[in-house]
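Below is one structure; the comments refer to it alone.
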Number of protein chains: 4
Amino acid sequence: MADKQVPSTIKDEALVMKRRNQMVKGAVTLFIEKGFHKTTTREIAKASGFSIGTLYEYIRKKEDVLFLVCDSIYQRVKARMEDDIDPAQVSSLIQAVHSYFYLMDEMQDEVVVMYQEVKSLPKDAQDYVLQKEREMVAMLEEVIRKHISGPCSEEKVQLIANNIFVQGQMWGFRRWILQRTFTIEAYADLQVRLLLEGLPLKEKRPSGNKE
Amino acid sequence: MADKQVPSTIKDEALVMKRRNQMVKGAVTLFIEKGFHKTTTREIAKASGFSIGTLYEYIRKKEDVLFLVCDSIYQRVKARMEDDIDPAQVSSLIQAVHSYFYLMDEMQDEVVVMYQEVKSLPKDAQDYVLQKEREMVAMLEEVIRKHISGPCSEEKVQLIANNIFVQGQMWGFRRWILQRTFTIEAYADLQVRLLLEGLPLKEKRPSGNKE
Amino acid sequence: MADKQVPSTIKDEALVMKRRNQMVKGAVTLFIEKGFHKTTTREIAKASGFSIGTLYEYIRKKEDVLFLVCDSIYQRVKARMEDDIDPAQVSSLIQAVHSYFYLMDEMQDEVVVMYQEVKSLPKDAQDYVLQKEREMVAMLEEVIRKHISGPCSEEKVQLIANNIFVQGQMWGFRRWILQRTFTIEAYADLQVRLLLEGLPLKEKRPSGNKE
Amino acid sequence: MADKQVPSTIKDEALVMKRRNQMVKGAVTLFIEKGFHKTTTREIAKASGFSIGTLYEYIRKKEDVLFLVCDSIYQRVKARMEDDIDPAQVSSLIQAVHSYFYLMDEMQDEVVVMYQEVKSLPKDAQDYVLQKEREMVAMLEEVIRKHISGPCSEEKVQLIANNIFVQGQMWGFRRWILQRTFTIEAYADLQVRLLLEGLPLKEKRPSGNKE
DNA sequence: AATGAATGAGGTTTCATTCAT
DNA sequence: GATGAATGAAACCTCATTCAT
C-alpha cells in the first residue's frame, strides 16, 4: 500500500487518498510529455489543482510523486490483468494473451512512463515496484501452465511468460516502429501465431533435445 | 557521423575524436551508475580526465554528451552485429541469434543506458538514433529472410526480427529477473528453441490460416 | 507599465511592486557605480535585501532588472517633467527650461545610467524606452510652440526641443568638463541666454532665408 | 601614444602597429554591432584575422582593445578636425561648424561607440581619452573666438563649443529620432541658423544683461 | 612570432523544499 | 489544512587568459 511507503502530514486518510489521486492524475500526463526529471514540482502542483505548499503536505520528496505514479499504474495494470486473464475464467491461452495485449494497448502511455522512469526511483521503491512486476509475470506463468499440453520445464514457462510480458510493453515503447505496420489486432494475432507455431527452417534443427 | 551533429570549437579533428572518446568512456560509466540527469557536467569532465572548460570545447550542451554516448554505443553495437551476423557469413539463423544474444550480454550496460536515456535526447537526435535501430532490425530481418523455408510474409519477418531484437535487450534490462534463472547460454538456447518450435497447446489451434 | 513587460511568478501584485521598488533602488546605485555588465545578479539581490532565489521570483532574466530600472527612471523623469513644465502652468519658456535643467541636475546619476545602458536592453525594450523619450521631447516641443512668437517651422521646433533635451542630459554626462566651470544656475542661465540671443558674428550671415 | 599605454611582447614596432590596426578595424565593427561587453576576445581575434594567442601578444587584457579602439577613433576624429576646421584655414564659423557636422555624419558609428563605451575603460584610460575630448572642444573654442564679434566671456565660448560638439555627436546617437526628419545638410543648416539667430519670444526677455 | 588547446573562476539561472501566515 | 513567498545549493555554461608547441 502506498500509504505505508509515503507518509503525509495530513491525518484524514480519505483526504490523503483524494489528493494523491489528483496528484497522480496530473503527474502522469506531465511525465508522459516530458519525463520525470524535466517536470518540476510546481508543474505537478498546478496540474494537480493545488498549491506547491499543499503538494508537500502529501509527500516528502519529489521522488515520492514518481513512486505514487508508478505504484498507481502498476496497481491499475495488475487489477486489470486479474480481471482480464484470471486463469480460472479465461478459456484459452490465446484469449489470455489477446486480452493482455489489448490491455497494453489501452495503457500504452502509462506503460511507457513506468518503463522508463523506474530507474529514477530510490532503490527500495524500485524493489517494491519490481516485485509487482514479478507478480504480473507470475500471472502469465500460471495461465501458460494451465493451458499447455505435455510436460514443460519451469524455466521454459518463465521465459515464455517474460517474452509475452515484454512483447506487450514493446507494443508501447516501440510504437515508432511497430505501429506503422500493425494495428493492435494484427499485432496480437501474429504474435500469438508465432508463439504457437514456431519457425520453419531450411536447415535441420539440432536434434539433441535434452529437455 | 557524430562530427556533423555536434560541432566543436577545436580544429584538430584527430584530437576531437580522441577527446570525445575519453569523454564517452567516462560518461558511459557515470550514466550507467546514476543516469544522465543525476550526472553533472563536472563529473563528466573529471571522469573524462579534463577540466569543465575543456569539456565545453568539445560539445555545446550537456545533451551533446548524451548524444555522443548513444551514438557511440549504437555504432559499436552495429559494427559488432555487422561482424557477427553478417548474412553472407553466418551459416544458420540459430548461429546468428546466438551471436546476437552473446553480444547483448557483453554490452549489457551500454544497452541499458542507450535504452533508458534515448528519451532525454532532443527530438532530432532521437530520430537519428532510432534510424540506427531500424538498421539493426533490418539486419536481423535479412538473416531471417535468408534462412527461412517456405513463403513468409514481410510482416512476419519484421515482427520476428523485432522480437529477437528486444529479447536481446531484455536480457540486459530485465536482468534482475532473468539472470537469476538463466546463464546467457541457457537463455540463448531456450529462446532459440522457442523461436523454432512453437508451443504445444491442449486446445485446438484456430485453423483459419490465411497466410 | 512594467507589469506587463516583465512577468513575475508572484501573484500578489502589491508585493511585486514593493519588491521591484526595492530591486530598482538597489540596482540603480550599483549600475551608477559599476555599470550594468559589471554588476552581478547576486549583488543586485543583496543590494535589494533579498536572496538570489527571491530576485528571480520577480524577474526572468538579468536584463529585466535593467529594463525595470530604465523604466522607473523614465517614469520618474517624465512625471517630474509633467509637474514642472506643464505647458498649461508654466508662464514662460525660460522658466520651463530652467526647471528642466534643474531637474536634470537633481537626477544626474539616473540620467547617466539610463543614457549609457539603454543599448544593453533587448531590442523591444529599447523601443519601449525610446518611445518614452519621444514623449518627453514632445513636451518640450509643446512648451516651445506655445511661447514662441511669429511662425516657426515644425522642424525648427523639433530641433530646438532636441537641443534643449540633450543639453539637459549633457549637464550630467559631461559633468567632468562642465561642472568644473559652471554651477547648475550659471549653466541654466547661460544656455537660456544662448538659446534666445543667437551669436553675433563678424562676417555677414548668409542671407538666403528660405524659411 | 598608444604604444606607451598598452605594452606588447612583440619587439618589432612596425609589426605592432600593423597588427593593432587590423585589430582595431575588426573590433570597431563588432563593438558597433554588439557593444564591448557582448563581444568576445575570440570574436575580436577572428575579425582581426589572427588567432586568440596572437591577439594576446599585442595586448594584455580585453580592455586594452577597447582603449586602442577609442584611441584610434579619437585620433582619427581629431586629425580630421585639425584638417577640416583649422582656425588658420577656415574662413567662417559657419563653414567650420558645417565641416564638423559632416565629419560627425561620416563617422557616426565610431562616434557612437566611443560615446557609449568610454565608461567601460579603466579610470586612467578614461582620463587619457577625456583629455583628447578637451582638446577637440578647445579647437572649436578657438574657431569661435576667432570669428565672433564683440567681447565674449570665456565661459560663453566654452559653452557654445560644448554645445556644438555635443550637437555633432547627437546626430549620431539620436539618429533614431533626428534622421527621420533631417538630412545631414538640413540638420547642419538649421543648427547653424539656430546658433546665430536666437529665438524670438512672445514675452519680454529678462533685461539685466550683466555680461 | 604565431598558434590554439586548456583552464577554471565566476556568471546566470533553476527548482526542490521550507515555513510563516 | 492550504497557501505561496522565500530560500540557497547547485546546476549549466561562458570566456578571458595562459602556455606549450
Side-chain angles (χ1 to χ4, degrees), chain A residues 8-12 15-16 19 37-46 49-65, chain B residues 8-12 15-16 18-19 37-45 49-65, chain C residues 8-12 15-16 18-19 37-45 49-65, chain D residues 8-12 15-16 19 37-46 49-65:
Chain A
S8 160
T9 62
I10 306 300
K11 309 290 174 193
D12 182 341
L15 187 55
V16 171
R19 291 272 178 270
H37 286 290
K38 287 198 187 152
T39 301
T40 68
T41 51
R42 299 241 246 257
E43 286 170 323
I44 295 170
K46 185 181 228 180
F50 37 71
S51 72
I52 182 68
T54 302
L55 181 69
Y56 272 86
E57 298 287 332
Y58 295 92
I59 55 161
R60 283 161 318 171
K61 333 192 86 261
K62 190 189 174 193
E63 275 173 347
D64 288 345
V65 180
Chain B
S8 161
T9 59
I10 304 299
K11 296 179 174 176
D12 182 341
L15 189 55
V16 171
K18 182 181 154 198
R19 290 277 177 268
H37 287 289
K38 289 200 185 148
T39 303
T40 71
T41 51
R42 285 223 245 268
E43 285 170 325
I44 295 171
F50 34 69
S51 72
I52 183 68
T54 301
L55 179 69
Y56 275 89
E57 296 288 328
Y58 293 91
I59 55 161
R60 284 163 317 173
K61 332 196 88 255
K62 189 189 173 193
E63 272 175 349
D64 287 344
V65 180
Chain C
S8 160
T9 60
I10 304 298
K11 298 179 172 176
D12 182 340
L15 187 56
V16 171
K18 183 182 155 197
R19 291 276 177 269
H37 286 289
K38 288 199 187 150
T39 302
T40 70
T41 50
R42 287 220 246 269
E43 286 170 325
I44 295 171
F50 34 70
S51 71
I52 184 65
T54 300
L55 179 70
Y56 274 88
E57 296 288 329
Y58 294 91
I59 56 162
R60 283 163 316 174
K61 332 195 87 258
K62 190 188 174 193
E63 272 175 349
D64 288 343
V65 180
Chain D
S8 161
T9 61
I10 307 300
K11 309 288 175 193
D12 182 341
L15 187 54
V16 172
R19 290 275 177 266
H37 287 289
K38 289 197 186 153
T39 302
T40 68
T41 50
R42 300 240 246 257
E43 286 170 324
I44 295 169
K46 184 181 229 181
F50 37 70
S51 72
I52 183 66
T54 303
L55 181 70
Y56 273 87
E57 298 288 332
Y58 295 92
I59 56 161
R60 285 161 315 170
K61 334 193 83 260
K62 190 188 174 195
E63 274 173 348
D64 287 345
V65 180

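To find a chain, count down the sequence lines: A is the first, B the second, and so on, and within it residues start at 1.
Counting to the nearest Å, the C1' atom of E/dG4 and the CZ atom of D/R42 are 9 Å from each other. At whole-Å resolution of the value, CD in C/E43 and P in E/dT12 are 9 Å apart. As a whole-Å value, the separation of C/I44 CD1 from E/dT12 C1' is 11 Å. If you take OH of C/Y58 and C1' of E/dT12, they are 20 Å apart, rounded to a whole angstrom.
Residue D/S51 is in base contact, counting any heavy-atom pair closer than 4.0 Å across all strands shown. Among the atoms of the strands shown, only primed sugar atoms or phosphate atoms (P, OP1, OP2) are found under 4.0 Å from some heavy atom of C/R19. Heavy atoms of A/T54 sit under 4.0 angstrom from at least one base atom. Across all strands, C/T41 comes closer than 4.0 Å to base atoms (heavy-atom distances).
To the nearest 0.5 Å, atom OG1 of residue C/T9 and atom CD1 of residue C/I59 are 10.5 Å apart.
Heavy-atom nearest nucleotides on DNA chain E were determined for B/K11 and for B/I52, and the one closer to the 5' end corresponds to B/K11. Comparing B/G49 and C/K62 by the nucleotide of DNA chain E that holds the closest heavy atom to each, the one mapping nearer the 5' end is B/G49.
Within the shown strands, E/dT3 is the pairing partner of F/dA20 under the Watson-Crick or G-U definition, both distances less than 3.5 Å.
Between B/Y56 and the phosphate of F/dT14, there is no side-chain N or O to OP1/OP2 separation shorter than 4.0 Å.
Around atom NZ of C/K18, no more than 12 heavy atoms belonging to other residues, nucleotides or ligands sit under 6.0 Å away.
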